[in-house]
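A short write-up of the structure that comes next.
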Number of protein chains: 2
Amino acid sequence: MKISTKGRYALRMLVDLAEHQQNGFISLNEIAKRQDISKKYLEQIIPIFNNTDVLRTSRGPQGGYMLAKSPDRYTVGEILRITEGSLAPVDCAAQDPVECARGTECVMLPVWQGLNKVINDYLDSITLQDILDREQDRYANDYII
Amino acid sequence: MKISTKGRYALRMLVDLAEHQQNGFISLNEIAKRQDISKKYLEQIIPIFNNTDVLRTSRGPQGGYMLAKSPDRYTVGEILRITEGSLAPVDCAAQDPVECARGTECVMLPVWQGLNKVINDYLDSITLQDILDREQDRYANDYII
DNA sequence: CAATATTACCATGGATTTAATAGGAATACA
DNA sequence: TGTATTCCTATTAAATCCATGGTAATATTG
């Protein structure tokens, strides 16, 4: 019942891009160093976002990545559903359910459907902007103290 | 972000035992057939419950397993935490957190802690008895129609 | 305009975990 | 003593995570 490194690294990468929005294209090298994540592994995570209107890309010197939309238009749930494939805790409770032999008779199915709902509802309630704001709040509090 | 087969099979096994409480010890053969789960794999799942006051065991002919408590005294969350090790979606949000280099500075930590809470709260709100009751309700409705 | 350096992109492989399958030893009842 | 059962220990097959090495595109510089 773990979020994979793919999803966690992808989120940290997108938050990093959001924090440095004003700097234009950001290279993977920069992100990998700042976040202490293998650059080579990040390279494998990025293609997952192809054709999803998440990232903009530029190759060559001064190239890199930037967010395609403003941070308040990404939810954590949306990002994780892309990287993880689905957030459903079991395949039979997914949006596009994989039915098992027991079908709708399964005593556990309602439990899993309920779990799927609380997970997705929670993660869809948080945007990248919320994460930036919370960070900013903490920083402000530290400053006051 | 999946519940492993260990947890899913364990739950179905315990629900099966709850459904047949009145029959005394139930053999793995019976459960495996009824639930269409590999008996050999179930044998490996059971020892996870050693020293947890979940099951009672009897070897030899007429042996098998039975619940150690009444079904309303097991929550789904409790069972899954035993089989899965922890339900925390990331290790840093677990009860006994594995700290990472970023420690409490991590911008994602509050998100994961919140997710951990909604998952555990939901799963702790459901007991084995609830699952039996819901099954009974559905059966009753079918009968009326 | 050509060379070069910088960047994204692509394919493969190894280590570790998960999900089973398999064989047999220990135990207890009849 | 025989047999039904739990218990224990490999072995295998697939997926996941991450590292390595090489290729292609492009902005800058001379």
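Reminder, nothing fancy here: chain letters follow the sequence lines and each chain counts from 1.
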Is any side-chain N or O of Gln44(A) under 3.5 Å from a base N or O of dC17(D), one able to act as donor and the other as acceptor? no
Whole angstrom value for the distance that separates P of dG24(C) from NZ of Lys39(B): 15 Å
Taking side-chain hydrogen bond (donor to acceptor under 3.5 Å, both in side chains) as the test, write out the residues that go with Thr5(B), two or more places apart. Tyr41(B)
Going only through I, L, V, M, F, W and Y residues with side-chain contacts under 4.5 Å, is there a path from Phe25(B) to Ile45(B)? no
Report the hydrophobic cluster partners of Leu109(B), with the cluster defined as I, L, V, M, F, W, Y residues connected by side-chain heavy atoms closer than 4.5 angstrom, directly or transitively. none
Establish, with yes or no, whether the OP1 or OP2 oxygen of dA20(C) is under 4.0 angstrom from a side-chain nitrogen or oxygen of Tyr9(B). yes
Rounded to the Å, how far apart are Leu42(A) CG and dC9(C) C1'? 14 Å
Rounding to a whole Å, what distance do you find between Gln62(B):CD and dT6(D):P? 11 Å
Rounded to the Å, how far apart are Ile46(B) CD1 and dC8(D) P? 12 Å
Determine the contact category for Lys2(A): base if any of its heavy atoms lies under 4.0 Å from a base atom, sugar-phosphate if only primed atoms, P, OP1 or OP2 are that close, otherwise nothing. nothing
Where the side chain of Glu43(A) is defined as all heavy atoms beyond and including C-beta, which of dC9(C), dA19(D), dT21(C) is the nearest nucleotide? dC9(C)
Within the structure, does a side-chain N or O atom of Thr5(B) lie under 4.0 Å from either OP1 or OP2 of dA20(C)? yes
Quick check: does any side chain N or O of Arg56(A) sit under 3.5 Å from a backbone N or O of Tyr65(A), one acting as donor and the other as acceptor? no
May I ask you to evaluate whether Tyr65(A) reaches the phosphate of dC9(C), defined as a side-chain N or O under 4.0 Å from OP1 or OP2? yes
Quick check: on DNA chain D, is the nucleotide nearest Gly63(A) upstream (toward 5') of the one nearest Ser58(B), or the reverse? Name the residue that is more 5'. Ser58(B)
What's the NZ-P distance between Lys6(B) and dA20(C), to the nearest Å? 11 Å
Does any donor atom in the side chain of Gln129(B) or Ser70(B) lie under 3.5 Å from an acceptor atom in the other side chain? no
Runs of at least three consecutive pairs that involve DNA chain D, where pairs are Watson-Crick or G-U with distances under 3.5 Å: C:1-30 with D:1-30
Out of dA19(D), dT6(D), dA5(C), which nucleotide sits closest to the side chain of Pro61(A)? dA5(C)
Residue mapping more 5' on DNA chain D - nearest nucleotide basis, Gly60(B) or Ile3(A): Gly60(B)
Does the distance from a Lys or Arg side-chain N to an Asp or Glu carboxylate O, for Arg102(B) and Asp36(A), drop under 4.0 Å? no
Do the side chain of Asp130(A) and the main chain of Thr127(A) share a donor and acceptor less than 3.5 angstrom apart? yes
Asp124(A) and Glu78(A): which non-hydrogen atoms are nearest, and at how many Å? OD1-N, 3.7 Å
Spacing of Arg59(A) atom CZ relative to dA25(D) atom P, expressed in whole Å: 6 Å
Rounded to whole Å, please give me the gap between CD in Glu84(B) and C1' in dT18(C). 11 Å
Phosphate-side-chain proximity, Thr57(A) and dA8(C), N/O vs OP1/OP2 below 4.0 Å: no
Grab the CG-P distance between Asn29(B) and dA4(D) for me, whole Å please. 10 Å
Does any donor-acceptor pair link the side chain of Lys40(A) with the base of dG13(C) at a separation under 3.5 Å? no
